[in-house]
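Below is one structure, written out as structure tokens; the observations come after it.
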Amino acid sequence: MTERQNIKLSKCLSWVLRHHLDLIYPYLDGDDIEIAKTTGFVECESLLKHPKFQNYSLDEIKQVCATNDKQRLCIRQHPNNINKILSKNF
């Protein structure tokens, strides 16, 4: 992924996760909506189902999280082994 693509994905992820999380709700299952609202965590698989992110992969999201200089995004491993993404670092 080029630096330009990396920046574009980073901005899209930040925009959705920080300001428009409700756009991801249709792609979440039951309790995951409440988890997203209270913790900021969203399953990467669910996020990748959204049309804005369908052309990206989990590896590209991981790359953005690892290389973004602002470090607004991070991926954490959930106890059930599903990758999750967080909108901000604590």
Side-chain angles (χ1 to χ4, degrees):
M1 182 164 48
T2 67
E3 184 176 349
R4 185 175 178 177
Q5 291 169 319
N6 187 302
I7 291 169
K8 181 180 178 182
L9 177 57
S10 175
K11 287 182 178 185
C12 287
L13 288 169
S14 292
W15 181 79
V16 166
L17 294 172
R18 290 172 154 257
H19 307 291
H20 298 283
L21 192 57
D22 57 309
L23 296 176
I24 304 302
Y25 293 168
Y27 305 95
L28 298 175
D29 297 325
D31 293 338
D32 291 336
I33 293 173
E34 194 58 37
I35 291 169
K37 286 179 182 178
T38 58
T39 67
F41 283 101
V42 176
E43 290 181 16
C44 289
E45 290 178 12
S46 298
L47 186 69
L48 291 170
K49 291 177 185 175
H50 188 280
K52 195 171 199 78
F53 302 106
Q54 286 180 343
N55 293 328
Y56 294 104
S57 68
L58 178 58
D59 287 337
E60 290 170 323
I61 291 176
K62 287 179 180 180
Q63 181 182 350
V64 165
C65 293
T67 60
N68 184 276
D69 59 340
K70 295 183 181 180
Q71 293 297 300
R72 288 186 176 147
L73 306 164
C74 67
I75 289 183
R76 302 263 193 242
Q77 194 70 29
H78 190 270
N80 66 4
N81 294 325
I82 296 174
N83 284 309
K84 299 249 180 177
I85 190 165
L86 182 63
S87 63
K88 59 185 175 188
N89 279 320
F90 292 106

Who pairs with [X] by side chain to side chain contact (heavy atoms under 4.5 Å, CB included), at least two apart in sequence or on another chain?
X     : answer
Ile7  : Glu3, Lys11
Asn6  : Met1, Gln63, Val64, Thr67
Asp69 : none

Determine whether Leu23 and His50 make a side-chain contact, defined as any pair of heavy atoms from C-beta on separated by less than 4.5 Å.
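Counting from C-beta outward, Leu23 and His50 do come under 4.5 Å.
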Any non-hydrogen side-chain atom of Glu60 less than 4.5 Å from a side-chain atom of Ser57?
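Touching, per the 4.5 Å side-chain cut-off.
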Approximate separation, where rounding is to 0.5 Å, of [X] [atom1] and [Y] [atom2]:
X     : Y     : atom1 : atom2 : result
Glu45 : Leu28 : CD    : CG    : 11.5 Å
Leu47 : Ile24 : CG    : CD1   : 4.5 Å
Ile75 : Leu58 : CD1   : CG    : 5.5 Å
Phe41 : Cys74 : CZ    : SG    : 6.5 Å
Ser14 : His19 : OG    : NE2   : 7.5 Å
Cys44 : Phe53 : SG    : CZ    : 10.5 Å

Which pair of heavy atoms, one from Ala66 and one from Gln71, lies closest together, and at what distance?
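Nearest pair, atom of Ala66 first, then Gln71: O-NE2, 3.8 Å.
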Which atom of Ala36 lies closest to which atom of Leu21, heavy atoms considered:
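Minimum heavy-atom contact is O-CD2, 3.4 Å.
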Verify side-chain contact (heavy atoms from CB on, under 4.5 Å) between Gln54 and Leu48, making sure each step is shown before the conclusion.
CA-CA 5 Å; Gln54 286 180 343; Leu48 291 170; over 6 Å; no
Only pairs at least two apart or in different chains count here, so list each side-chain hydrogen bond (donor to acceptor under 3.5 Å, both in side chains) that has a residue in residues 27-38.
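For residues 27-38: none.
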Return the set of residues passing side-chain hydrogen bond (donor to acceptor under 3.5 Å, both in side chains) with Ser10 (not counting sequence neighbours), or none when no residue passes.
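Scan of Ser10 (side-chain hydrogen bond (donor to acceptor under 3.5 Å, both in side chains), adjacent residues dropped) gives Asn68.
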Could you work out, with ring pair (Phe, Tyr, Trp, His ring centres under 6.0 Å) as the rule, every residue matching His20, not counting sequence neighbours?
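With neighbours one apart ignored, the set is Trp15.
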